[in-house]
Participant: 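Following this message is one structure expressed as structure tokens.
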Amino acid sequence: MTQRMIQNKTDLLRTSSEKQATAGINPVAARADAPSSIDLSEGKKIFIKDLLDGEHAGQRASILGWVWRRRQHANAQFIVLRDSTGVMQTVVPIAVTAQPLYIESAVEVVGTIVKDDRAPGGYEIRADKAVVIGQSHEYPISKNFSSDFLLDVRHLWNRSSKIKNVMIVRERVLEGARNWFRSKDWHEVNPPIISGSTAEGGATLFELDYFGKKGYLSQSAQLYLESLIFPLEKVWSLTPSFRAEKSRTSRHLMEFWHLEGEVAWLDFEGILKVEEQLLASTLHHVAETAPAELKAIGRDAEDLLRINPPFKRVHYEEVLRRVNSAGMDMRPGDDLSTEHERFLTIEEKSPVFVVEYPKAVKPFYAKIDPDRPELVYSADMLAPEGYGEISTGGQREEDLEAIVERINAEGFNIDNYSWYLDLRKYGSVPHSGFGFGIDRIVRWVTKRETILDTIPYPRTLTRIYP
Ligand code: ATP
Ligand code: MG
């Protein structure tokens, strides 16, 4: 709240009845006929964080929120109210409530702000009025529920401070990334979600009946982004991507949020620099704009501020050697497993790139290294602390013949790609791109055991409800 808004006490009182109250009318008398008199028309709601800034002791306020905790005493209830900005204790004498206040009841509480060191945030409201706006009977979540049950009631569990803090961090991740793209003059675009051709192909496709033809939910926007570098040169998009992941892991969702970029006139080295800068800048933004949420979650903001380019690189061959000498099994040509990635990064504090992948591990569009044609210009970025892959990026094959050969070799129907091949026919240029999994970044930043806790409504093998 700005200083201007709180110049006098009446500014904190938002109901017409309360304005009358300060004009000399007994607030208790005004209360009886004013349960629905809150002025909701002008965005005048007072937020809890503004009341806790230390400048309102002695003032009167009216707050709207939900009952978060309650303790019953003989003559009063101690109600901790929550709203989107924080929690605040209120002392509500039994005599001033018409109805009981239960966990998650939506209420309006009116009273005087009093400094009290025992209250969370150092202040409480001594209420002379409490009106139930929306009653809440027997809220199903109290303590010690299984993670399965909490997924069943995710529509309610999303109100928890745990999930709320993660949602705010997630928002800041998206904001930080968007800020970076804007500061570097990249263009945001909206590629299609339903498509007839596929970037990754194979087993993880969600197929749909598109008026008698086969359509697919997008696994990646990459091919479309590649087409948009011709008008815009530096493009990015944030879309949901869909993958029917048959194995249940702590880092796979069926529907995840994909942050992808594609840029003309940039090579492999260039795109790795883009990824490093984008990620570091995003994480710094999170550290600067969500310190309280990070702290509540158990992530030291300094961990994020310390992440700066350049990131370490490890060669695929080196990965093979280290993984095998640690007693794990990885053969030449295998992709890294969750276990391998964990092993490689558990002691790291900053992300690591895996580079120099063999051609067989990567899709058809990854450009072959002309000096070592068994390798491609593709790199995975692994998050530190064992969280595993968060992005894949690299230089794209720009040559028509080479890409036709690779599409055929993968067994894809070349007819579905004729539009994509046009990009190699008409003014093809060297270009590179990447895709980050937002949910994976959030999982690492917020130290969640599972990716399910990074998104309000996770879609999994067994869950499409709620
Ligand atoms: P993985 O090998 O971990 O399954 P991938 O290599 O198949 O991932 P890419 O095609 O490289 O994934 O997608 C780019 C990024 O999108 C990944 O680095 C990851 O951050 C994210 N991602 C991919 N699949 C998923 C998924 N099912 N759930 C959440 N994020 C995903
Ligand atoms: Mg990948």
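All ligand and atom numbering here is 1-based and tracks the order in the structure.
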Participant: Is it the case that Ser62 and Glu108 place a side-chain donor and acceptor less than 3.5 Å from each other?
Facilitator: yes

Participant: Suppose I only count heavy atoms of Ser391 and a 4.0 Å limit; which atoms of ligand 1 are within that range?
Facilitator: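 Contacts of ligand 1 toward Ser391, numbered from 1: 18 (O).
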
Participant: Evaluate the side-chain proximity of Leu151 to Arg463: yes if any heavy-atom separation is below 4.5 Å, no if none is.
Facilitator: yes

Participant: Using ring centroids (six-membered ring only for Trp), state whether His56 and Tyr123 fall under 6.0 Å.
Facilitator: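 No; His56 has its ring centre 6.0 Å or more from that of Tyr123.
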
Participant: For the 3.5 Å polar cut-off, considering only N or O atoms, please tell me whether Phe436 and ligand 1 meet it.
Facilitator: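 No, since none of the N or O atoms of Phe436 sits under 3.5 Å from an N or O of ligand 1.
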
Participant: State, yes or no, whether a side-chain contact exists between Leu64 and Asp83 at a heavy-atom distance under 4.5 Å.
Facilitator: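 In short, these two side chains do not touch, never coming nearer than 4.5 Å.
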
Participant: If we only count N/O pairs under 3.5 Å, is Phe256 in contact with ligand 1?
Facilitator: no

Participant: Looking only at atom types and distance, does a side-chain atom of Glu262 sit under 3.5 Å from a main-chain N or O of Leu225, one as donor and one as acceptor?
Facilitator: no

Participant: Checking Lys184 against Phe181: charged group under 6.0 Å from the ring centre and within 45 degrees of the axis?
Facilitator: no

Participant: I want to confirm something. Looking only at heavy atoms, which of Met254, Gln219, Arg243 is nearest to atom 10 (O) of ligand 1?
Facilitator: Arg243

Participant: Where the side chain of Asp369 meets the backbone of Leu375, is there a donor-acceptor pair that is under 3.5 Å apart?
Facilitator: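 Flag not set: sc Asp369 to bb Leu375 has no pair under 3.5 Å.
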
Participant: Should you measure from each heavy atom of Thr392, which atoms of ligand 1 turn up under 4.0 Å away?
Facilitator: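 Those atoms are 11 (O), 18 (O).
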
Participant: Just which atoms of ligand 1 are under 4.0 Å from any heavy atom in Ile390?
Facilitator: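 In order of number, 18 (O), 20 (O).
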
Participant: Give a yes/no on ligand 1: does Leu253 have at least one heavy atom closer than 4.0 angstrom to it?
Facilitator: yes

Participant: Is there a side-chain hydrogen bond (donor to acceptor under 3.5 Å, both in side chains) between Glu175 and His285? Walk through the geometry before answering.
Facilitator: CA-CA 8 Å; Glu175 191 174 76; His285 179 78; 2.7 Å; yes

Participant: Under 2.8 Å from the Mg ion (ligand 2), which protein N/O/S atoms are there?
Facilitator: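 Less than 2.8 Å away from the Mg ion (ligand 2) sit Glu389 OE2, Thr392 OG1.
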
Participant: From atom 17 (C) of ligand 1, work out which of Arg443, Glu389, Lys362, Glu255 has a heavy atom at the shortest distance.
Facilitator: Glu389

Participant: Taking atom NZ of Lys164 as the centre, does the number of heavy atoms from other residues, nucleotides or ligands within less than 6.0 Å exceed 12?
Facilitator: yes

Participant: Pairs of nitrogen or oxygen atoms closer than 3.5 Å, one from Glu245 and one from ligand 1: do any exist?
Facilitator: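 The answer is yes, given that Glu245 and ligand 1 share an N or O pair closer than 3.5 Å.
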
Participant: Side chains of Glu275 and Phe311: does their closest heavy-atom pair fall under 4.5 Å?
Facilitator: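 The answer is no, as the side chains (C-beta and beyond) never meet within the 4.5 Å cut-off.
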
Participant: For ligand 1, which atoms sit closer than 4.0 Å to a heavy atom of Arg251?
Facilitator: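 Checking each atom against Arg251, I get 3 (O), 28 (N), 29 (C).
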
Participant: For ligand 1, which atoms, with element, lie under 4.0 Å from some heavy atom of Gly435?
Facilitator: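 The list of qualifying atoms is 14 (C), 15 (C).
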
Participant: Hey, does the Lys NZ or Arg CZ of Arg424 hover above the aromatic six-ring of Tyr420, less than 6.0 Å from the centre and inside 45° of the axis?
Facilitator: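 Yes, a cation-pi geometry.
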
Participant: Hey, which atoms in ligand 1 end up nearer than 4.0 Å to a heavy atom of His252?
Facilitator: 1 (P), 3 (O), 4 (O), 26 (C), 27 (N), 28 (N)

Participant: Go through the steps to decide whether Trp66 and Tyr102 satisfy the test ring-ring contact (aromatic ring centres under 6.0 Å, His included), and finish with yes or no.
Facilitator: CA-CA 9 Å; Trp66 292 265; Tyr102 299 115; over 10 Å; no

